Protein chains: 2
Amino acid sequence: MPKPKDEQKLAAIHLQTMRLVNTTGFAALKMADVAQAAGIATGTLYVYYKSKEALINAVYLNTKLEIIDVLLDNAHANPDYFLTFKNMWTAYMQYCMQYPEKMLFVEQFIYSGLIAEEVIAQTEAKLIPLNQFLTYGQQKGLIKRMDIELIKAQMQGAITETIKFLTKQQQTLTAVQLNDCFAMTWDALRR
Amino acid sequence: MPKPKDEQKLAAIHLQTMRLVNTTGFAALKMADVAQAAGIATGTLYVYYKSKEALINAVYLNTKLEIIDVLLDNAHANPDYFLTFKNMWTAYMQYCMQYPEKMLFVEQFIYSGLIAEEVIAQTEAKLIPLNQFLTYGQQKGLIKRMDIELIKAQMQGAITETIKFLTKQQQTLTAVQLNDCFAMTWDALRR
DNA sequence: ATAGTAAATGAATAATTATTCGACTTACAT
DNA sequence: ATGTAAGTCGAATAATTATTCATTTACTAT
């Protein structure tokens, strides 16, 4: 039996790839840099990923799935729709503040033309429960009756832009500001 | 007297740079491709811009300033704050739908690490009137009293994300949808 | 222990691509 | 008309960087 792949190395590769992309931009991402930052040889990187493109796609998929899990894990079947929504949104926002590099990495690559169509499709499929949750809110007369995609764009866009701003300023939201931001999003969506 | 630089070539360079970045992603942007798409020789490109980085920065600055102009040109001193706000937002959104490539290009580069700090500062300075307009709305008790930057993030994020979605779907908003989107943004900001 | 297998290494190589350069053309002032 | 400063061209060059590969190392099952 052979020596197994090292989970820690894999984790280091993912972390450093995100870190490098977020600090120096994608244009400057070099395989040799990733390897060095992860503490392995350049050639070793190719044991784990057959190309730079494969590396980016793997980190993207991994991260995006993790983010979606955070979002949906908090969609508990609470009888109070508003509370459920607030819990979901808040948990998601807090996660994004805790790991802005993950959120920003994903954002940077959705429209980069580098992510395989199949990978995009896979992540979108996993988001179906969110659509159902919003549709249910519309049926109960709590959410504005308009295209679900426009509603999601409003919500996600606000979060993304806020995180970008916070990252640039190297700060996070106070509890009051977190509530303020939620108020804006809820007021935008409520009927 | 020498032969002057060709304004049409310059315009073609800018247009094709944006087009290429938006269709194939920044990673795939090659100077030779830009030159070919603009109908000039590779060497000629270097008459207009001394490096790839200078090219990107110029296209960024140009485009960003144009977008800010659209936004502020519509901030007429209308006595009705709501109407002024609605006009501004609508004109901005319509412009973004008409030239999504400009908006997406700018978005893609703000956090790329490629745009010079000085260029970013220059564009932000030009946005001061928008801050004043929002502060005025707060003073009149029409806009929620919270950090202006969080308010801007809410507005800008929603627009950006919506344009990204529309572009992916190759569609634009119907008149009804445009109103719906405005309603969400206004409800988010109003007291 | 030991053999077998795959991971790990990093220098060498292959590709890719930004940039330069010398020959040539063009537009304008005189 | 003519000189000239600058534009134009695209092949050649210089850099950069992804990828390969011969070799070494480490792990696991027997």
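Quick note: numbers below take in every heavy atom, side chains included, and nothing from hydrogens, waters or symmetry partners. First the proteins, then the strands, lettered A, B, ... as listed; each starts at 1. The shown structure was predicted, so the numbers you read here are calculated from the model rather than taken from an experiment.
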- Message: Nearest to the side chain of B:A41, heavy atoms from C-beta on, is which of C:dA18, D:dG10, D:dG7?
- Response: D:dG10
- Item | Atom-pair distance (CD on B:Q36; C1' on C:dA18), nearest Å | 16 Å
- For the residue pair A:Y81 and A:F85, does the interplanar ring angle fall in the parallel (under 30°), tilted (30 to 60°) or perpendicular (over 60°) class? parallel
- Write down the distance between CE (B:M31) and P (D:dC9), rounded to a whole number of angstrom. 15 Å
- Note on the structure: Of D:dT19, C:dA18, D:dT28, the nucleotide closest to the side chain of A:K52 is D:dT19
- Considering only side-chain heavy atoms of B:K30, which listed nucleotide, D:dC9, C:dA8, C:dT17, is closest? C:dT17
- Item | For atom CG of B:L45 and atom P of C:dT17, their distance in whole Å | 15 Å
- Message: As a test of reading the structure: which of C:dA8, D:dG10, D:dT19 is closest to the side chain of A:V47, going by heavy atoms?
- Response: C:dA8
- Task: Quickly work out the B:I40 CD1 to D:dA11 P distance and round it to whole Å.
- Result: 16 Å
- Remember a base hit wins even if backbone is also touched, and classify A:L29 as base, sugar-phosphate or nothing at under 4.0 Å, heavy atoms. sugar-phosphate
- Atom CG of B:D6 and atom P of C:dT25 are separated, to the nearest Å, by 19 Å
- Message: Given D:dC9, C:dA8, C:dT19, identify the nucleotide with an atom nearest to the side chain of B:T44.
- Response: D:dC9
- Message: Surrounding CD of B:Q171 (heavy atoms of other residues, nucleotides or ligands, distance under 6.0 Å), is the total greater than 12?
- Response: yes
- Please indicate whether A:E7 has more than 12 foreign heavy atoms, meaning atoms of other residues, nucleotides or ligands, lying under 6.0 Å from its CD. no
- Message: Base, sugar-phosphate or nothing for B:Y49? Non-hydrogen atoms, less than 4.0 Å.
- Response: nothing
- Measure from the side-chain heavy atoms of B:K9 and tell me the nearest of C:dA8, C:dT19, D:dT8. D:dT8
- Query: Between A:L55 (CG) and D:dT17 (P), how many Å, whole number?
  - Reply: 16 Å
- How close or far is atom P of D:dA18 from atom CG of A:L114, stated in whole angstroms? 12 Å
- Task: Step through the shown structure and confirm whether more than 12 heavy atoms of other residues, nucleotides or ligands are within 6.0 Å of CD on B:E117.
- Result: no
- Side-chain atoms of B:Y46 come closest, of C:dA7, C:dG10, C:dT20, to C:dT20
- Per A:P4 side chain, nearest of listed nucleotides D:dT28, D:dT19, D:dG10: D:dT28
- Task: Round to a whole Å and report the spacing from CG of B:L10 to P of D:dT8.
- Result: 10 Å
- More than 12 heavy atoms of other groups within 6.0 Å of A:E101 CD: yes
